[in-house]
Amino acid sequence: MRVYLSSTLNDLGPEREAVRKALGGHCTVVESYTADERSVRESCLADVAGCDLYIGIIGGRYGFIPPGESFSITELEYQEARKHKLPTLICIKDDDVILKRFHDAGTQENPPERIESFRQRANNGTEEAGRPAIFKTPEDLKEHVLKALWRYSERHGAIPPKRIEGRPYPGLRAFLTTESDRFFGRDAEIEALVERLIARNENFLAVIGPSGSGKSSLVYAGLIPALTENVIVGGVRWIPISFSPRELGDDPFQPLAAALSKSFPDQNWRVPDLTQKLRTHPADIATVANNALGQAGAAAQLLLFVDQFEEVFASKVDEGARSNFFKLLTAAVECPLVRVVVAMRSDFYDQWPQDELCIALLLAGHFPVAVPGQAALEKMITGPAQAAGLTISPRLVRRILDDTGSGPGALALAEFALSLLYDKRDGDVLTETAYTAIGGVAGAIDGLAEQAVAQAKEALKQDGKVLDEEAISRLFLAIASVEQRDNEAGGALAVVRRRAVKGDLPEATLILTQQLVDKRILVSREGSNEQPAVYEVGHEAVFSHWELFKGWYARYAVDLALRHQAEQAARDWDRSNDQQRSVLKWGWERQKSAIEALCKLNQLALPAPDADFSDSGIATWRVLEPQLPESPLRHFLYPEPLVLLDELGADSTSHHRREEIGLRLNQLGDPRRGVGLNEKSLPDIAWVDIPAGEVVLGETKSQKSFPVSLFRLSRYPVTWVQYRAFLDAKDGYCNPAWWEERPRAEKPASLLRCFGLLPITR
C-alpha cells in the first residue's frame, strides 16, 4: 500500500515521525525528496496522484507557496488527492497546543487567515476514511492514524468474499479461526478490540461477558483473523497462541507450554520441561517469547489468548499454580513482544485476585461483551446463509429470533438450531417445516440428545446389554460439576462443564458418549501419546435444555454440592502443614454426609448392616472406599471413628490420649456394636465366646492349673448408658434374681456422673 504523508516541514516533525512508526516506515514524506529534474511541486503532486492513501497533517502554518501559485504545496497536495478521489485521512492539530512560533501569526510567513481558511475547508470535507481527526500529541495522532488504517484495510485490503464451503453454522461449539468467513454480527466489537490493541497499543484485554455471549468466537473468528489476515498495519506480523487453562489437566502451565511448543517447533521445546520452567519462573515468559520470535524482533507480536479463563479459578487448580499463572500474565503484559487476551465468564468476576497489581490489570484491560441483541442475531442468522448460497425467509428469521429471545444462552441455542436446520435443508433452502420438525430453538438440544440416548440403548441391546441409570449418571458426573460463584463460604453454586477422560468411562457410557458426539451435543478431542482423549459439552446451554440432565441434577444437586465442598476441603487439607491439618480435617458429622452423597452419585447399592458397627456410615464407607482412587479425598474422608479406634488399639497410645478418644467417641455416638443399646433399648452386649481349656496360675515353682469350662465375655467394658438401662428396666436392678448370694443396696447410687457411652470406672 502506497501512502502519501503531507504536512508543513518545520513545525510537524514529531508528528510525521509518529505516523511513520505507525506505517512501519513505508510512506512518502517531505523528507523523502532529493534533488531531481522535477520541481518540488511537480514531484509532490505526481506522488500524490500515484498513491493509494493520502494522509494530511495540518498544524498552524500554511506552508511554502511556490512562485506563480496561489496555494501552498501542502494545500496543492490536498487538492490533488481530492481531484483523484483518493481515500484521505485529515488530522488537524488542536489550536490549544500549537506553539506561537510555529503559527503563521508568529512567523509572519503568511496571513493567518490563509491557514484558518485551509483548516476550515479540510475540516468540513467529506472524507472516505472518516471525518477529520483532531489531535493534541504525536501519540494521539498515531492512535488516530492506526485506527483509520485498520478501517481502510478492512475495506480495501480484504480478499473479496467467496462462497463458503461446508457448514455455515458451528452449532454449540465456538467458531474457529478458519471460520471468519461465516462470522457475522460482531463488527463493532471486533473494531473496538483491534483499536485497543493497535491504535491504543494496549497489552492486555479481558473479554468478559455472560455464558453464551460469544466471547470465544469473538476472539477466535473475529479478532485473530482481523490481525492476521488483513493488510498489516505497521509491518507487524501477529502470531496467535491460544489455549484453555485446564484442557490438559489441572495445571494451566501445561496447555500453555504445549501450545507454544506446537507453534514454534524449531525451538525443540519439551512440553514437560517448558511447563516446569514457566511454573517455577513465570517471568521467563519474556525470554520464551524473545527466543520464539527470534530475528523478527519488534516486527512480530505474540498474541497470547487464554480461552475459558474462569478455569483458572477451579477448585482443582493448585493455589500456588494459580498465583504463579497470574505472575506469568503480568510478566507477559510487561514484555513488548507479547499481547495478552483472556476470555472469562462474568459470573467469575469476583474470583479475580484482589491484590493491587491484578486489579489494576483487570481495570485497564476490561472489555465487556453483552449477549447479542436482536439486530446482531439477525446478521448471525442471515449472513452465513447468504455466504453459503442458502435461502432463509424473513418469516423464519423472525420466528427464530422470537424463540431465541435475548437472555443468556440465546446465541448458543440459535446457532445449534441453525446447525440442525442446515442438516434438514431442502436443497439450498432453510425451511420452516424443518424448523418445526426439530422442535424449534427450545427443543433442539433436548430432542437430539434423546435421539442419542435411544440409539445408544439400541446399540447396547444388540449386544445383550442395557444403558441403565448408572451408565447415564457416570456420564453426567464426568461432564458436569459445580463451582462456587464468589469467594464467600457457602456462596451460590452453578453447573459448569468439565472434561471427561475417555479411559475413566465404562463401556456403556462410552457408547452413549459417542452418540452424543455424533449429534454435536458433546465435542471430543483425540488423545496423543502424552494426553488421553477427552469429551465435554459443546456449550453449557446443554445443562439447561436437556430434560434428562435437568432431572438428574434436580435429584443430585445437594450431593454434587457436597462433593464439591469435600474435594475443595480435601485439597486445602492436603496442602496444609501438620499443625493446620488437625483443624482442617472434617469430623465424622460432615464426613458421613459427604460419604453418603458420593455413594449416591456413584450409584452404589446400599450396604448390608455391618457386623461390627451400628453406624450405617461406616458400612457405606466400606462400599465407597474401593471406588475412590488413591487421592487426598480418600484420606480426607477416612472415617474419624475408625481413625480413633485404630489409635485406641495401639499399645503406644497414652492414658491421657485414651481418655480424649473416649470422650470424642461418646460425643459422636460410639459406632461399635456392643457399647450401646439395641432396638429394644436394652444393653447391646457383643459377646465373645471363650473356649474351654486349662488355666495356669502362679509362678514357675508354685504353679497351679485348673480346668475352665466354655464361657462368654463382653468384648467391651459395660458403659454408663447400658448400666442406666439395667437400672431403669423392671426386671433389672430390682429383680432379686440378679442378686442371689450377692449383697444389694436398697437403691442404686446417684447417677449424677453418668457418662453415656464411656466405660464405667471407679
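What you see is a predicted model, and the numbers here were worked out from it, not measured in a lab.
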If you look only at distance, which donor and acceptor atoms sit under 3.5 Å apart when one is on a side chain in residues 634-641 and the other is two or more places apart or in another chain?
unit_1: Arg634; atom_1: NH1; unit_2: Leu628; atom_2: O; d: 3.3
unit_1: His635; atom_1: NE2; unit_2: Glu630; atom_2: OE2; d: 2.5
unit_1: Tyr638; atom_1: OH; unit_2: Asp646; atom_2: OD2; d: 3.4
unit_1: Glu640; atom_1: OE1; unit_2: Trp588; atom_2: N; d: 2.9
unit_1: Glu640; atom_1: OE1; unit_2: Arg664; atom_2: NH2; d: 2.9
unit_1: Glu640; atom_1: OE2; unit_2: Arg664; atom_2: NE; d: 2.9

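Side-chain contact between Ile208 and Val369 is absent, with no heavy atoms from C-beta onward closer than 4.5 Å. Proximity of Glu310 to Val342: side-chain heavy atoms (C-beta onward) are nowhere separated by under 4.5 Å.
A salt bridge links Asp402 to Arg398: one of the charged nitrogens lies within less than 4.0 Å of a carboxylate oxygen.
Within a 6.0 Å radius of NZ in Lys600, other residues, nucleotides and ligands contribute 12 heavy atoms or fewer. Crowding of Leu584 atom CG: a count of heavy atoms from other residues, nucleotides or ligands under 6.0 Å exceeding 12.
Taking the six-membered ring for Trp and the full ring otherwise, Tyr220 and Phe175 have centroids separated by 6.0 Å or more. Aromatic rings of His366 and Phe204 (six-membered ring for Trp) have centroids beyond the 6.0 Å cut-off, not under it. For Trp621 and Phe613, the ring centers are positioned 6.0 Å apart or more.
For the residue pair Asp307/Ser216, the side-chain donor-acceptor check at 3.5 Å is satisfied.
At least one cation-pi condition fails for Arg322 and Phe325: the charged atom is not both under 6.0 angstrom from the six-membered ring centre and inside a 45 degree cone around its axis.
Aromatic ring pairs are classed by plane angle as parallel below 30°, tilted from 30° to 60° and perpendicular above 60°; the pair Phe549 and Trp552 is tilted.
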